[in-house]
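As the structure is a computational prediction, the values presented were derived from the model and not from experiment. Every chain is numbered from 1 and lettered A, B, ... according to where its sequence line falls, protein lines coming before strand lines. For the numbers below, each heavy atom of this structure counts, side chains included, while hydrogens, waters and symmetry mates do not.
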2 protein chains.
Amino acid sequence: MTQTPGKFVSSYLLYLLAASSEAASHQFHARVRELGLRVPEWRVLACLYDQDGLMITQLARYSLMEQSRMTRIVDQMEKRGLVVRKSDEGDGRRVRVHLTEAGQKLSSDVVEEAREHERTLLSALQEVDAERIKPSLERLLDSLNSWNSAKQ
Amino acid sequence: MTQTPGKFVSSYLLYLLAASSEAASHQFHARVRELGLRVPEWRVLACLYDQDGLMITQLARYSLMEQSRMTRIVDQMEKRGLVVRKSDEGDGRRVRVHLTEAGQKLSSDVVEEAREHERTLLSALQEVDAERIKPSLERLLDSLNSWNSAKQ
DNA sequence: TTAAAAAATATGAAATTTCATATATAATGA
DNA sequence: TCATTATATATGAAATTTCATATTTTTTAA
């Protein structure tokens, strides 16, 4: 293992997960920045691509970040014309975030690039069995989430 | 899948990796903060636990962060008496970071907690085959790293 | 040997992120 | 109903992070 110096870190589950995530994302995140987006903004676009009109809180959870940070990211994306806020009829506390036309175009484009990058990545990962890695991670994530919920 | 709204994100490899890492680390990182450490500081302690006297640059790479950020994290840890800088004899550019006695004690303690947390976590992950997850991730990480190097 | 390039670290300034809390609305329960 | 609690979002201020670049030392190559 060329990545870490000693015995503990290089085989520590939390390190392996963080480092794998970082290594897998590195190139694509650079591409995202080339496209003039920051990673959190790309995450918002991806969430809204899947389901338009999500609440700030949901966007924050799905994008793995804090609510107040998401509020400011949505501020910036709104100023830039990628999304608009609409208040939820029926619950005045909620703010629904919608893609603008420009936001839709950009999110589709970047999602397409993400899919292509993912294909490339998976085809490069023959050793780990590309077909199994995603189902494995899905099960891992489910288990982790239920374990975490149980602990709350 | 309860985590994400739509079809793209919830099965996107980079999301699965980031979310798994986040979900796996969440509880332990909260514990790290209880112990008065920030996550990057804990990473430094873990690296130096494995190999004392690493350079700033190495610590940054192993801890998955930028060099200038690591410089400032080491500043703080030094002020706090957890590490000391020593200049490398033989290469005056290099700064070697060493654990103090307090730093050694703390790093051993937290590494021990990390090991215990990892055992708990792995034993909770029966569904994904605890014995295979780490070797799989090690292979995944190796593949990702060599793919990334090839791309540079 | 010496100029140029590379490597390691540090730092100023701008931007982002965090933390605590404010504000507004909705839900709950006596 | 009305007070209390919970939920959703926003915001000020402090802290951290990023980005570009300065500084110092070493390596390279002519």
S.K.: May I ask you to verify whether the side chain of A:Arg93 and the base of D:dT7 hold a donor-acceptor pair under 3.5 Å?
M.R.: yes
S.K.: How long is the line joining CD of A:Glu89 and P of C:dT25, in whole Å?
M.R.: 16 Å
S.K.: Identify whether any heavy atom of A:Ser68 sits under 4.0 Å from a base atom; if not, whether one sits that close to sugar-phosphate; answer base, sugar-phosphate or nothing.
M.R.: base
S.K.: Closer to the 5' end of DNA chain C via nearest nucleotide, is it A:Met65 or A:Gly90?
M.R.: A:Met65
S.K.: Among C:dC19, D:dT18, D:dA8, find the nucleotide with the atom closest to the side chain of A:Thr57.
M.R.: D:dA8
S.K.: Would you mind classifying the nucleic acid contact of B:Gln76 as base, sugar-phosphate or nothing, using non-hydrogen atoms under 4.0 angstrom?
M.R.: sugar-phosphate
S.K.: Backbone N or O of A:Glu22 within a donor-acceptor pair of the A:Ser25 side chain at under 3.5 Å?
M.R.: no
S.K.: Please report the distance, rounded to the nearest Å, between CD in A:Glu66 and P in D:dT17.
M.R.: 13 Å
S.K.: From CG of B:Asp88 over to C1' of C:dA7, roughly how many Å is that when rounded to an integer?
M.R.: 13 Å
S.K.: Hey, is the side chain of A:Arg38 poking within less than 4.0 Å of OP1 or OP2 on C:dT16, counting only N and O atoms?
M.R.: yes
S.K.: Phosphate oxygens OP1/OP2 of C:dT18: is one of them under 4.0 Å from a side-chain N or O of A:Arg69?
M.R.: yes
S.K.: Rounded off to whole Å, could you give me the CD1-to-C1' distance for the A:Ile56 and C:dA24 pair?
M.R.: 15 Å
S.K.: Please tell me whether B:Ser108 and B:Glu112 have a donor and an acceptor in their side chains that are separated by less than 3.5 angstrom.
M.R.: no
S.K.: Under a 3.5 Å distance rule, please check whether A:Asp50 uses its side chain to pair with a backbone N or O of B:Phe8 as donor and acceptor.
M.R.: yes
S.K.: Looking at C:dA13, C:dA10, D:dT25, which one has an atom nearest to any side-chain atom of B:Arg72?
M.R.: C:dA13
S.K.: Roughly, in whole Å, what's the span from CD1 in A:Ile73 to C1' in C:dT17?
M.R.: 9 Å
S.K.: Does A:Gln67 contact D:dA10 through a side-chain donor or acceptor facing the base, at a distance under 3.5 Å?
M.R.: yes
S.K.: Can you check the B:Lys86 NZ to C:dT9 P distance for me, whole Å?
M.R.: 16 Å
S.K.: Classify A:Arg85 by what it touches in the nucleic acid, base, sugar-phosphate, or nothing, heavy-atom distance under 4.0 Å.
M.R.: sugar-phosphate
S.K.: Can you give me the closest heavy-atom contact between B:Val110 and B:Leu37, atom names plus distance?
M.R.: CG2-CD1, 4.1 Å
S.K.: Between the side chain of A:Thr100 and the main-chain N/O of A:Leu82, is any donor-acceptor distance below 3.5 Å?
M.R.: yes
S.K.: If you find the nucleotide of DNA chain D closest to A:Thr71 and the one closest to A:Arg33, which residue's nucleotide is nearer the 5' end?
M.R.: A:Thr71
S.K.: So that I can tick it off, tell me whether B:Asp109 and B:Lys105 are bridged by a salt bridge, with the cut-off set at under 4.0 angstrom between side-chain N and carboxylate O.
M.R.: yes
S.K.: Return no unless some side-chain N or O of A:Arg94 is found under 4.0 Å from OP1 or OP2 of D:dA8.
M.R.: yes
S.K.: A:Met70 has an atom CE; how far is it from atom P of D:dT9, in whole Å?
M.R.: 11 Å
S.K.: Under 4.0 angstrom, heavy atoms only, what part of the nucleic acid is B:Met55 near: base, sugar-phosphate, or nothing?
M.R.: sugar-phosphate
S.K.: Grab the NE2-C1' distance between B:His29 and C:dT17 for me, whole Å please.
M.R.: 17 Å
